[in-house]
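Below is one structure, written out as structure tokens; the observations come after it.
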Amino acid sequence: MAMALGTPGVDGLDDAVGVLREWQYEGAPAQLHPGDLGWYWRAGAEATAEAVRTWRRDGRTVAVGLLDGPGLLRLTTAPDARRDEELARRLVADVTDPRRGVLPGGPADIEAPRDALIHDLLTDAGWTGGEPWTPLHRDLTAPVREPGARIEAVGPGKAHVYAAVQRAAFDASTFTEERWHAMAAGPPFGDARCLVAYDDRGDAAAAVTVWSAGPGRPGLLEPMGVHREHRRRGFGEAISLAAAAALRELGASSAVVCTPSSNIAAVATYESAGFKRRPEVRDLHRNA
């Protein structure tokens with residue numbers, strides 16, 4: 001069977017987003033979500049297309065990867081292809097040969113579902129476990145309790161407010177109002193919501209974006225942040241509750257998020273909002 005690696009181009013992004021939606025299901029391991037492409041879209045459609053890799057077999061997309069930074073590939077496969085040996089060996093060949101245009105030479109990391117055969121093959125090839133991450137999951141069957149803060153959905157007129165909170169929540173953030181508009185122009189944003197929490201004085205204190213994968217499927221929080229001047233006052237819990245409620249309104253079956261295990265405060269914040277820890281996961285790491 002013919003296997004082809006490709007870069008979809010802007011016109012092919014809809015297909016990549018569509019298959020990622022289909023591959024989300026309850027009980028799935030932590031994996032690339034359509035919202036991850038949606039968040040990357042802040043760099044624009046062309047940059048997003050350049051960062052995506054697809055593997056197709058006989059006309060069907062069986063794996064999708066996102067080059068989410070220098071030397072980092074976030075990769076997932078069709079659920080029925082997790083243990084497909086032909087696909088796994090082709091993925092290994094493509095990600096380990098810089099000439100194939102997936103990963104450069106030198107240090108690299110790959111995020112993939114923990115049950116995928118590529119984990120076994122890369123481990124046999126000398127790749128090791130990288131930084132531990134904690135996935136968290138919140139069932140949305142029942143209504144979500146009130147967040148205890150004023151929450152506002154962000155539209156184009158308040159993009160500057162969201163952008164300011166984003167920059168104040170993450171020290172290295174370069175997010176701008178223009179990037180919000182670029183993100184909002186992407187197809188994944190049609191099933192997304194940006195929310196901001198305000199304090200009693202009307203100052204923006206926390207922000208989150210949530211991404212639905214469609215009714216009955218897990219939705220994603222990416223990203224969530226609290227303004228550095230409003231931390232340790234409950235706004236992280238409030239915005240996480242509001243995020244869960246927004247995903248429930250969008251028809252999501254659950255809300256998922258993944259954070260570095262070293263970020264103990266973030267894990268505790270999500271737990272306070274009803275998220276449950278799942279077993280830690282690690283990227284696969286290759287030294288120089």
Give, for atom [atom1] of [X] and atom [atom2] of [Y], the distance between the pair rounded to the nearest 0.5 Å.
X    : Y    : atom1 : atom2 : result
W55  : L87  : CH2   : CG    : 8.5 Å
L121 : W127 : CG    : CH2   : 12.0 Å
L220 : H33  : CG    : NE2   : 5.0 Å
E271 : T134 : CD    : OG1   : 8.5 Å
D84  : R89  : CG    : CZ    : 11.0 Å
R228 : R231 : CZ    : CZ    : 6.5 Å

- prompt: Should the pair R42 and W39 be classed as cation-pi, given the thresholds of under 6.0 Å to the six-membered ring centre and 45° from the axis?
  reply: yes
Would you name the heavy atoms of [X] and [Y] that are closest together and state the gap between them?
X    : Y    : answer
L91  : A63  : CD2-CB, 4.1 Å
A238 : A149 : CB-CB, 4.0 Å
A108 : L103 : CB-CD1, 4.1 Å
L247 : S212 : CD2-N, 4.1 Å
A28  : R278 : O-NH1, 3.6 Å
P34  : Q24  : CD-NE2, 3.7 Å

More than 12 heavy atoms of other groups within 6.0 Å of [X] [atom1]:
X    : atom1 : answer
D124 : CG    : yes
D80  : CG    : yes
E146 : CD    : no

message: Run the salt bridge (Lys or Arg N to Asp or Glu O under 4.0 Å) test on D203 and R233 for me, step by step, so that the C-alpha distance in whole Å, both residues' side-chain angles and the decisive distance to 0.1 Å come before the verdict.
response: CA-CA 13 Å; D203 294 329; R233 294 169 55 192; over 6 Å; no
Find out whether [X] and [Y] are in side-chain contact, i.e. whether some heavy atom of one side chain is under 4.5 Å from a heavy atom of the other.
X    : Y    : value
V161 : V154 : no
E86  : R90  : no
P104 : P98  : no
T96  : L122 : yes
L13  : P187 : no
E111 : V281 : no
D139 : E26  : no
F275 : L221 : yes

If Ile, Leu, Val, Met, Phe, Trp and Tyr residues are connected whenever their side-chain heavy atoms lie under 4.5 Å apart, and connections chain through other members, are [X] and [Y] in the same group?
X    : Y    : value
L250 : I239 : yes
I110 : W133 : no
L140 : W211 : no
F189 : Y40  : no
V64  : L67  : no

- prompt: Can you name the one residue among R138, R248, K276, H137 that meets side-chain hydrogen bond (donor to acceptor under 3.5 Å, both in side chains) with S254?
  reply: H137
message: Please identify which of these residues, Y162, F170, W180, meets the ring pair (Phe, Tyr, Trp, His ring centres under 6.0 Å) condition with F175.
response: Y162
message: Under the side chain to side chain contact (heavy atoms under 4.5 Å, CB included) test against L32, which residue among L73, L75, L37 passes?
response: L37
task: List the steps, then state whether side-chain hydrogen bond (donor to acceptor under 3.5 Å, both in side chains) holds for D15 with T61.
output: CA-CA 9 Å; D15 177 70; T61 301; 3.1 Å; yes
Is a donor on one side and an acceptor on the other found under 3.5 Å between the side chain of [X] and the backbone of [Y]?
X    : Y    : value
T7   : G9   : no
R286 : G106 : yes
R57  : R60  : no

message: side chain to side chain contact (heavy atoms under 4.5 Å, CB included) for D120 and L117? Distances and angles first, verdict last.
response: CA-CA 5 Å; D120 304 340; L117 181 58; 3.6 Å; yes
message: If you apply the rule side chain to side chain contact (heavy atoms under 4.5 Å, CB included), what do you find for R150 with V196, and how did you get there?
response: CA-CA 8 Å; R150 180 166 70 90; V196 170; over 6 Å; no
- request: Output, in order, the C-alpha distance, side-chain angles, deciding distance and verdict of side-chain hydrogen bond (donor to acceptor under 3.5 Å, both in side chains) for H285 and D283.
  value: CA-CA 6 Å; H285 177 71; D283 295 346; over 6 Å; no
- prompt: Taking it one step at a time, do H230 and D199 satisfy side chain to side chain contact (heavy atoms under 4.5 Å, CB included)?
  reply: CA-CA 9 Å; H230 295 272; D199 67 9; 3.1 Å; yes
task: Start with the C-alpha gap between E249 and R193, add the side-chain angles, then the distance that decides, and say whether salt bridge (Lys or Arg N to Asp or Glu O under 4.0 Å) holds.
output: CA-CA 11 Å; E249 290 177 4; R193 298 288 185 274; over 6 Å; no
task: Show your working on side chain to side chain contact (heavy atoms under 4.5 Å, CB included) between T77 and V62 and close with a plain yes or no.
output: CA-CA 6 Å; T77 74; V62 291; over 6 Å; no
- prompt: Are D94 and R53 close enough, and set up right, to give a salt bridge (Lys or Arg N to Asp or Glu O under 4.0 Å), and what steps lead you there?
  reply: CA-CA 11 Å; D94 288 339; R53 299 292 182 273; over 6 Å; no
